[in-house]
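Single-structure report; data block below.
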Amino acid sequence: MVTAGIDVGVKTVKAVIVKDNEIVASGIASSDGFERAKAAEQLYNQVLQQAGISASDVDYVIATGSGKMDVSFANNNVVEPVADVEGALRLCPSAKTLIEMGAEQVRVAKFDETGKVANYTLNQMCGAGLGMFAESMARALGVTLDELNEMALRSKGAEPINAECGVYAGLDVVSLIHNNTPKEDIARAVIDAIATKVKATANLTNIDDDNIVLLGGVAKNKGVVDALNRKLGVECMIPEQPEMAGALGAALIGAREVQ
Amino acid sequence: MLIQKAAQKWETRPLEFWAKAKELRAKFYQDEKGAKEQRVFLIGGGDGPQQGLGPGFGNLHFVHPHPEAASMANTSDSYSRECRGATEACGYGRNLCGYQLDYIGALLTNKHFSGGEMPRRDLVAQGNDLCAMFPKLGQLEAEFWDVPDHHTDATGYYGDWDEERSKATAKLMADQYLGTIEWLEKATGTEFNVEAQIESMKRQRHTQALRGEVIEMLTHVPCPLDQKSAYSVLVLGSLVGTDPVETEKLWVMIRDEMQWRVDNNIAGVANERYRWTENEPPPWFFLKYYRYMEEYGAVCIQTFYHGVRLVEQPDGTWKAPKMPEVREDAIKIKTKEDFARAQTGMMGMGGRRSSGWGGHGPMPGEYYQNLMNAVKAFKCDGVILPLHRAGIGCVFSMRAAGMKLMEQGIPVMHYETSHPGDRTDFDELRMLDQLDTFMEMQGLRKLVD
């Protein structure tokens, strides 16, 4: 049996092909702004090619992510946390809690070994867009996202900035620039603000164990992960491709739907 | 969207009381607009027992700004937005209670939500409320219309039960109430008819008791009344001061119809299979979310905004607290002073924390317990709670109550808005997405026939 999962986010689209319960192809591409339906279709064709199969060989396609309704070729769709949990359990079987940090949202879910979600919390609206916030702050400092991370790690100390709202945090960064604060310290402040906001969302989910897996593109940001681990007091698990969990989960759910 | 087939279909029927309720509400607003022609004093201000004094004078029509503002938000987003914009342009902050942003804007733009101009108020009698913003609205309204106004103090004490303090509070409230009656007599040149008022008060109590009976019947599976319809009638006779005689008749109709529906398993929502409860006023601008949830077979049951908190009985059933006139120790009400004491007591002003009647404003920790009781009483599977930026429901305990419910294994969803009457901070797509997630994470999918 062959199934596909397509995760259409604000910044990126991800696709995974699963054949007989094994990943046979996967890919990631830019969501391309207003053209994400087209981007999803293009990426799907790419991963089909990578798997050496055609669309007619695929038994079921499930879409997830904020743009899930845009995937016209999907047979069905599933909400993000349910797909995330499915993917998280495949990637990290011992996980009991997931923190998904994407471009737009932070989602925290507690679940049991069967994947049943016990608690789920979405970031408050003021804390939306953390991934995009990190990117825009890197641009404001004239560096790439990777460079922002490296700079943060070199910081010797940073003033806290607004961790409630990305817009106000941006204004705080402007003030730091005007005060000639070293770039490294500003980078540290940005990273800490993101980690603080993520931890606040996690706290609202009553997380109480250390089997936490980090998912989403921001989970690849070493600075955020270090800061978050410090704030949570645990070492979170990070799969090899944390941003692919949703698409993988959707493909696995698709296999179950067909059965 | 993953789809499931409906497992069971309940029989459902249109609500027979609906036309009567609609007629009563329409008449209330017609009377507001026609007050001048009918030589009736139009009274602004809100929040307090003075709102029920109409029958004792016979020539007063009280208009509470909040239900009017809720109707504004519900009627038209563009109109409500225009009004809020006018209020902000006048210099008021965005953090003002949404009802007030709406209502002040209606005064400034001179547009009534049902069409036409805002009828000029002749007087303002502002009641008491613990919210810092509500009582101030009466002063503002009086200044706007340049009319005489009267205000009373709010009392609040949320510490351990204190009998002496409670007695003193009740006396203060009753004395203030008598002061309001005296002021209205002078301002309108009308003598207060205590017999007519006492007669009306008995009707109001009977109406409230009927409301309690109806709420008790919502514990039945399937629930006989859907929440969206319930919201349309529950404020009639309370916040919306409809004619007491007709309101009593309406509630008798509702009670009898609900009893019949319970006896015959007639559902408010045909595909009911999941029940949730909520707290405080809903987003008046987005009541369609109840209909959206019905696609999952999910129905909302009870809110403290209904003004009744059921109490568990020794036999495990849940009942509304008895109204004073049906208690064995019923107060004998004969004089104006008796009436003032009884009425302020009924409104819960002398000890609202334990009255069992009344909605928002319990002790912080009581939010959790009240919600947990509602989950048990109404056999609910989950809870959906608002997080408003300002005004009603803007309490730290809302999130805390949600977390405590989650600890007890109750699924909880929070959604964010500016205020029940203000959709500025509301993201409709986000909320729909949250609702989908809330349902799907509990294994529920949209239903098909």
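Chain naming here is simple, since letters A, B, ... match the order of the sequence lines and numbering starts at 1 in each.
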How many angstroms lie between atom [atom1] of [X] and atom [atom2] of [Y], to the nearest 0.5 angstrom?
| X | Y | atom1 | atom2 | result |
| --- | --- | --- | --- | --- |
| Gln124(A) | Arg399(B) | CD | CZ | 5.0 Å |
| His414(B) | Leu204(A) | NE2 | CG | 7.5 Å |
| Arg430(B) | Gln105(A) | CZ | CD | 6.5 Å |
| Thr121(A) | Gln434(B) | OG1 | CD | 10.0 Å |
| Asn119(A) | Met403(B) | CG | CE | 9.0 Å |
| Glu416(B) | Asn123(A) | CD | CG | 8.0 Å |

Report task. Could you tell me which portion of Ser66(A) (side chain, backbone, both or neither) has an atom closer than 4.5 angstrom to a non-hydrogen atom of chain B? Result -> neither

Requested in this report: Name the region of Asp84(A), side chain, backbone, both or neither, that has any atom closer than 4.5 Å to a heavy atom of chain B.
Outcome: neither

Query raised in the report: Is it true that atom CZ of Phe73(A) has more than 12 heavy atoms of other residues, nucleotides or ligands lying nearer than 6.0 Å?
Result: yes

Query raised in the report: Quick one: does Thr437(B)'s side chain get under 4.5 Å of Arg107(A)'s, heavy atoms only?
Result: no

Query raised in the report: Is there side-chain contact between Asp433(B) and Glu80(A), with heavy atoms separated by less than 4.5 Å?
Result: yes

Query raised in the report: What pair of heavy atoms forms the shortest contact from Phe426(B) to Met125(A), and how long is it?
Result: C-CE, 4.5 Å

Query raised in the report: Between Lys68(A) and Glu440(B), is there a side-chain N and carboxylate O pair less than 4.0 Å apart?
Result: no

